[in-house]
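Have a look at the structure below before the remarks.
Side chains are part of it too, since the values below use all heavy atoms of this structure and drop only hydrogens, waters and symmetry mates. Please read these numbers as outputs of a predicted model, since none were measured by experiment. Just so you know, ligand 1 is whichever comes first in the structure, and atom 1 is the first atom listed for that ligand.
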Amino acid sequence: MSKNITILGSTGSIGVQSLDVAERSGFGVTAITAHSSVKTLEEQIRRFKPALAALADEAAAADLRVRAADTSTKILGGEEGVCECATAPGADTVVDAIVGLAGLRPALCAINAKKDLALANKEALVAGGHLVLDAVRENGVRLLPVDSEHSAIFQCLQASPPNKALKKLILTASGGPFFGKTKEQLQNVTAADALKHPTWDMGAKITIDSASMFNKGLELIEAHFLFGVAPENIDILVHRESIIHSMVEFDDNSVLAQLGVSDMRIPIQYALTYPERFPSPVRELDLSEVASLSFYKPDYETFDCLNICKEAIGKGGLYPAAVNSANEEANLLFRQGKIGFLELPKLIRTVFAVTPENKIYSLSDVYETDKAARAAVLANM
Ligand code: NDP
Ligand code: MG
């Protein structure tokens with residue numbers, strides 16, 4: 001399979017692993033982007049020789065232009081530069097591994113340039129679900145999940161095309177570092193405590209989201225948009241070992257699951273080689289070594305972020321965008337040590353009062369909602 005890919009967010013956890021998969025698979029790299037990681041992007045330019053590279057931060061882009069002047073890579077700056085990379089001619093698939101709402105516009109640019117989109121950036125789909133789905137439909141491109149749970153569901157669904165007799169999706173969750181803790185025990189936990197994830201090694205924002213379980217709420221909304229399943233037919237199941245990456249249940253109560261060691265290169269590679277399967281750099285799963293798998297119901301009382309996301313998708317329209325942006329702001333404040341862990345859901349909840357009810361929305365409505373949601377969080381802290 002000869003293929004060229006572009007990676008948006010190439011300096012992050014998913015981005016670096018995507019470059020690794022591309023290199024091992026013999027895929028060309030057309031363009032790479034980041035926010036301000038000049039040094040890492042320069043190293044990647046020298047190694048992967050993309051035609052284009054961009055840094056969203058203009059000053060960092062100016063610095064990179066000087067440092068990479070001896071290479072043949074064209075360096076762009078700003079959100080415009082990132083979007084130009086997303087549409088760069090020659091790439092078949094664009095990996096969106098940007099963190100947060102910043103990944104939405106580049107995702108739409110890639111889709112409108114008729115690129116298949118391998119989506120890690122769940123916030124883009126949560127905030128702009130209908131915009132992304134409409135663009136995918138209009139351009140006839142593929143939307144391929146990178147998130148491990150969604151890749152698992154995508155793989156299980158191949159057993160029953162086209163989603164016939166599908167009863168429900170079962171999203172597994174590791175439970176994060178605070179599994180089993182009470183609210184009293186969570187009163188004084190810090191970002192450093194939350195950054196100790198038991199099974200996955202990820203970027204800082206998603207690791208905090210995993211601790212608060214907001215990540216699983218985002219994933220429920222992501223699954224709703226990706227697979228067209230009503231939120232009430234998506235169950236969340238805590239599974240501490242992160243071996244079963246998710247399951248689907250059919251009308252006959254038959255349940256299919258996808259298993260593997262917890263290494264994101266498996267779902268990243270499947271998104272890039274689909275419908276083919278390549279040999280993997282990831283080790284085989286040895287279930288005799290794992291010995292036992294455990295399952296629990298989520299604790300909705302302690303982890304209110306799960307309820308918040310369910311309520312937001314129940315209300316639809318701009319509510320998922322609002323809670324996503326509120327969480328982005330609150331997550332950052334927690335990482336900066338400015339708010340406590342239990343304040344996360346309290347602050348995010350404040351956006352329900354300031355979000356407009358319209359069901360149809362545009363990209364500028366999403367940005368307006370983003371502004372209002374962040375302002376509500378800051379005003380209530
Ligand atoms: P990281 O924080 O490790 O990387 C984020 C990347 O996005 C970096 O390349 C960063 O550049 C870039 N970036 C940040 N802000 C902007 C911006 N405003 N404009 C353009 N680029 C920007 O995140 P992860 O790799 O952990 O996560 C990426 C996405 O994948 C998230 O949506 C996450 O939820 C999802 N995901 C991650 C998983 C994981 O295992 N890590 C698993 C499943 C999903 P710079 O280095 O310059 O800051
Ligand atoms: Mg996930």
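Closest to atom 29 (C) of ligand 1, if we only count protein heavy atoms, is I98 O, 3.6 Å. Given atom 16 (C) of ligand 1, the protein heavy atom at minimum distance is H35 CB, 3.6 Å. At the top of the distance list for atom 5 (C) of ligand 1, counting protein heavy atoms only, stands V99 CG1, 3.7 Å. At the top of the distance list for atom 32 (O) of ligand 1, counting protein heavy atoms only, stands E123 OE1, 2.6 Å. Closest to atom 43 (C) of ligand 1 among all protein heavy atoms lies D147 OD1, 3.0 Å. Among protein heavy atoms, atom 4 (O) of ligand 1 sits closest to G12 CA, 3.1 Å. Remark: minimum distance from atom 40 (O) of ligand 1 to any protein heavy atom is reached at M202 CG, 3.2 Å. Considering only non-hydrogen protein atoms, atom 28 (C) of ligand 1 sits nearest to A97 O, 3.3 Å.
Among N215, T11, L41, the residue whose heavy atom lies nearest to atom 46 (O) of ligand 1 is T11. For the residues A102, G203, A204, the heavy atom positioned nearest atom 23 (O) of ligand 1 is part of G203.
Contact record, Q258 with C156: N-SG, 3.7 Å, taken as the closest heavy-atom pair.
Note: an N/O pair closer than 3.5 Å links G9 and ligand 1 by distance alone. Below 3.5 Å of separation, one finds an N or O of S36 facing an N or O of ligand 1. Not a single N or O atom of T33, backbone or side chain, sits closer than 3.5 Å to an N or O atom of ligand 1. Below 3.5 Å of separation, one finds an N or O of S13 facing an N or O of ligand 1.
One finds no salt bridge joining E43 and R67 here, because no Lys/Arg side-chain nitrogen approaches an Asp/Glu carboxylate oxygen to under 4.0 Å. The pair R46-E42 meets the salt-bridge criterion, with a side-chain N (NZ, NE, NH1 or NH2) lying under 4.0 Å from an Asp/Glu carboxylate O. Taking the charged nitrogens against the carboxylate oxygens, K205 and E123 do have a contact shorter than 4.0 Å, which makes a salt bridge. At a threshold of 4.0 Å, the pair E343-K346 does not count as salt-bridged, since none of the basic side-chain nitrogens sits closer than that to a carboxylate oxygen.
Looking at E149 and T172, their side chains never bring a donor and an acceptor atom within 3.5 Å of each other. One side chain, K167 or N253, offers a donor N or O that lies under 3.5 Å from an acceptor on the other.
In this structure, L256 and F250 have side chains that are in contact, with non-hydrogen atoms separated by less than 4.5 Å.
Below 4.0 Å from some heavy atom of M264 lie the following atoms of ligand 1, by number and element: 40 (O), 42 (C), 43 (C). Each of the following atoms of ligand 1 lies closer than 4.0 Å to a heavy atom of A56: 19 (N), 20 (C). Applying the 4.0 Å criterion to heavy atoms of S37 picks out, from ligand 1, the atoms 45 (P), 46 (O), 47 (O). Applying the 4.0 Å criterion to heavy atoms of I14 picks out, from ligand 1, the atoms 25 (O), 30 (O), 37 (C), 38 (C), 39 (C), 40 (O), 41 (N), 42 (C). Atom numbering of ligand 1 starts at 1 in the shown order; those under 4.0 Å from a heavy atom of A120 are 30 (O), 32 (O), 35 (C), 36 (N), 44 (C).
Transitive grouping of hydrophobic side chains (ILVMFWY, heavy atoms separated by less than 4.5 Å) keeps V282 and L19 in distinct clusters. Note on L131 and F227: same hydrophobic cluster, where clusters join Ile, Leu, Val, Met, Phe, Trp and Tyr whose side-chain heavy atoms are under 4.5 Å apart, directly or indirectly.
If you look at I206 next to ligand 1, the close heavy atoms, those under 4.0 Å, all belong to the side chain. Both the backbone and the side chain of K122 come within 4.0 Å of ligand 1, counting heavy atoms alone.
With values rounded to the nearest 0.5 angstrom, I75 atom CD1 is found 7.0 Å from L41 atom CG. The structure places NE2 of H130 at 10.0 Å from CG of L125, a figure rounded to the nearest 0.5 Å.
Vertex the Mg ion (ligand 2), arms ending at OE2 of E219 and OE1 of E149: the angle is 100° after rounding to 10 degrees.
Note on ring orientation: taking the six-membered ring where Trp is involved, the planes of F154 and Y274 are tilted (angle from 30° to 60°).
The local environment of CD in E301 is sparse, with at most 12 non-hydrogen atoms from other residues, nucleotides or ligands closer than 6.0 Å.
Per residue D147, closest N, O or S atom to the Mg ion (ligand 2): atom name OD1.
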